[in-house]
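Before we start, here is the structure in question, set down as structure tokens.
All residue numbers refer to positions in the sequence shown, counting from 1.
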Amino acid sequence: MLSEQTVTDAAARLYEAEHTGVPIRQLSLQYPEMTVEDAYAVQRRTVEMHTAAGRRVRGRKIGLTSRTMQRTVNITEPDYGVLYDDMFFDDGDTVPAGRYTLPRVEVELAFVLGEDLKGSDVTRYDVLRATEFVTPALEILDARVQMKDPETGHTRTIVDTIADNAADAGIVLGGRIVRPFDVDLRWVSALLSRNAVVEESGVAAAVLGHPANGVAWLAARLAGHGDGLRAGEVILSGSFTTPVHARPGDTFVADYGPLGTLSCYFAPQEPSS
């Protein structure tokens with residue numbers, strides 16, 4: 001286990017990287033002994049720093065929910081991070097591209113909870129009962145840790161991603177709001193277009209067989225730290241497409257068929273006068 005001081009130092013550098021836009025060197029290279037639990041400790045410490053500075057946690061995100069993505073980073077379970085209040089965008093909003101270092105976009109379903117969920121025995125059905133509604137979403141990913149080490153070519157590992165808030169950076173909500181029992185959520189599908197070209201497509205069953213399974217997994221994982229999910233929180237249940245890079249000037253549209261569409265535009269940074 002990393003020392004408390006090492007955890008605090010790593011968290012402070014991640015906190016600074018989010019403000020400067022300059023990614024730090026991979027923690028997995030600096031601390032080869034770093035474990036997944038160490039990475040979550042760094043994430044929790046970083047959250048403490050952000051909330052102390054005035055940001056508010058509005059929800060959670062679940063990542064690496066597909067078997068394909070898990071195999072690429074050699075893990076057998078998803079990861080998770082937090083959603084801050086200033087990460088939220090509405091359908092059709094302009095997203096300041098200059099706010100991010102290496103933004104990418106994924107297609108997801110967002111669960112908005114009407115009741116608390118806590119405990120290691122939470123099931124898919126508990127999640128559906130506790131959910132007030134489900135809505136289409138786009139997640140914006142970013143990297144406050146270098147994706148590839150410039151000296152060795154080493155690519156980041158799962159501990160880098162977890163410590164970096166599971167790469168979470170933004171969320172766009174829109175489309176049609178549905179109650180969880182009104183639609184077979186496994187069969188929700190979407191086409192993701194960038195500048196009118198379809199780049200990705202997927203079906204929500206790719207998220208652990210059912211997107212509610214991801215939320216149940218998260219509740220159980222948090223229970224190990226004496227934490228849980230709270231009424232009113234927004235939970236991104238996991239992507240059912242691979243990430244698509246977002247460049248300044250790009251427009252993204254996600255077409256969820258019967259659940260409608262949502263979009264966002266990545267505005268180029270205006271030159272300083």
Side-chain angles (χ1 to χ4, degrees), residues 47 56-66 69 77-91 105-141 165-166 168 170-190 192 202-241 254-262 264:
V47 171
R56 183 170 61 88
V57 175
R58 277 190 59 188
R60 308 270 186 167
K61 66 84 47 111
I62 307 160
L64 300 176
T65 50
S66 73
M69 293 301 291
E77 69 171 24
D79 66 357
Y80 64 88
V82 303
L83 300 170
Y84 296 108
D85 54 342
D86 59 357
M87 288 182 173
F88 283 70
F89 296 94
D90 291 326
D91 179 21
V105 173
E106 292 182 332
V107 167
E108 313 212 5
L109 287 175
F111 287 64
V112 181
L113 298 182
E115 302 174 13
D116 292 352
L117 275 173
K118 187 174 183 179
S120 59
D121 58 350
V122 170
T123 68
R124 176 202 308 180
Y125 307 104
D126 295 326
V127 172
L128 296 175
R129 281 191 291 267
T131 299
E132 185 174 0
F133 60 86
V134 178
T135 186
L138 293 174
E139 183 183 7
I140 302 171
L141 305 174
N165 197 30
D168 190 31
I171 173 176
V172 183
L173 296 176
R176 176 187 162 202
I177 292 172
V178 294
R179 295 191 182 278
F181 291 107
D182 290 347
V183 174
D184 187 345
L185 296 175
R186 298 173 306 159
W187 289 101
V188 172
S189 60
L192 179 61
V203 179
V207 179
L208 301 176
H210 191 296
N213 286 337
V215 183
W217 170 86
L218 177 58
R221 194 70 166 79
L222 292 173
H225 298 287
D227 201 357
L229 303 174
R230 297 169 182 82
E233 287 190 325
V234 178
I235 313 299
L236 278 175
S237 59
S239 176
F240 45 97
T241 64
D255 184 348
Y256 281 78
L259 267 63
T261 64
L262 70 159
C264 65

message: Please report the interatomic distance OG1(Thr65) to CD(Glu106), rounded to the nearest 0.5 Å.
response: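 If we round to the nearest 0.5 Å, Thr65:OG1 and Glu106:CD are 8.0 Å apart.
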query: Do you know which two heavy atoms are closest between Ile62 and Pro78, and how far apart they sit?
result: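 Closest heavy-atom pair between Ile62 and Pro78: CG2-CB, 3.8 Å.
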Pairwise distance CG(Leu113) to CZ(Phe133) - rounded to 0.5 angstrom: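 Atom-to-atom, Leu113:CG and Phe133:CZ are 10.0 Å apart.
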- request: Please report the closest heavy-atom contact between Glu115 and Arg129, naming both atoms and the distance.
  value: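 Closest approach of Glu115 to Arg129, heavy atoms only: OE2-O, 4.0 Å.
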message: If you define the side chain from C-beta out and look only at heavy atoms, does anything of Val172 sit under 4.5 Å from Asp90?
response: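 No. Closest side-chain heavy atoms not under 4.5 Å.
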message: With a 3.5 Å distance limit and no angle check, can you tell me whether Asp255 reaches the backbone of Thr261 through a side-chain donor-acceptor pair?
response: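 No, the answer is negative, given that no donor and acceptor are paired below the 3.5 Å cut-off.
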message: Looking at Arg230, I want to see if its CZ is surrounded by more than 12 non-hydrogen atoms of other residues, nucleotides or ligands under 6.0 Å.
response: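 Counting other residues, nucleotides and ligands, CZ of Arg230 exceeds 12 neighbours.
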query: Measuring from Leu236:CG to Leu173:CG, what's the distance to the nearest 0.5 Å?
result: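 Atom-to-atom, Leu236:CG and Leu173:CG are 7.5 Å apart.
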message: Checking Asp168 against Tyr84 for the side-chain contact (heavy atoms from CB on, under 4.5 Å) test, could you report, in this order, the C-alpha distance in whole Å, the side-chain angles of both residues, the deciding distance, and whether it holds?
response: CA-CA 10 Å; Asp168 190 31; Tyr84 296 108; over 6 Å; no
- prompt: Which atoms form the tightest heavy-atom contact between Leu229 and Glu233, and what is the distance?
  reply: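 That would be CA-OE1, 3.5 Å.
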query: Would you say Ser239's side chain and Glu108's backbone share a donor-acceptor pair under 3.5 angstrom?
result: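 No, Ser239 side chain to Glu108 backbone: no donor-acceptor pair under 3.5 Å.
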message: Tell me if a side-chain donor or acceptor on His225 pairs with a main-chain N or O of Asp227 at a distance below 3.5 Å.
response: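 The answer is no, because no donor-acceptor pair under 3.5 Å joins these two groups.
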message: If you define the side chain from C-beta out and look only at heavy atoms, does anything of Arg60 sit under 4.5 Å from Leu222?
response: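 The answer is yes, as the side chains (C-beta and beyond) meet within the 4.5 Å cut-off.
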field: Shortest non-hydrogen contact from Leu185 toward Phe111
entry: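 Nearest heavy atoms, Leu185 then Phe111: CD1-CZ, 3.9 Å.
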query: Which value, rounded to the nearest 0.5 Å, describes the distance between Leu262 atom CG and Leu192 atom CG?
result: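 Leu262 CG to Leu192 CG: 9.0 Å, rounded to 0.5 Å.
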- prompt: Are Leu138 and Phe89 close enough that some pair of their side-chain heavy atoms sits under 4.5 Å apart?
  reply: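 They are not in contact (no side-chain heavy atoms under 4.5 Å apart), so the answer is no.
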task: Determine yes or no for a side-chain-to-main-chain donor-acceptor pair under 3.5 angstrom, with Ser237 supplying the side chain and Leu109 the backbone.
output: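 Such a contact is found between Ser237 side chain and Leu109 backbone.
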field: Rounded distance [0.5 Å steps], CE in Met87 versus CD1 in Ile171
entry: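 Reported value, rounded in 0.5 Å steps: 10.0 Å.
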- prompt: How far does CG of Asp79 sit from CH2 of Trp217, to the nearest 0.5 angstrom?
  reply: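 Taking CG in Asp79 and CH2 in Trp217, the distance rounds to 6.5 Å.
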- prompt: Going by heavy atoms in the side chains, are Val127 and Arg124 under 4.5 Å from each other?
  reply: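 Val127 vs Arg124: side chains apart.
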task: For residues Asn165 and Val82, report the shortest heavy-atom separation together with the two atoms involved.
output: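 What the structure gives for the nearest pair is OD1-N, 2.8 Å.
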field: For the student: nearest non-hydrogen atoms of Arg58 and Phe88, plus distance
entry: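 What the structure gives for the nearest pair is NH1-CG, 3.5 Å.
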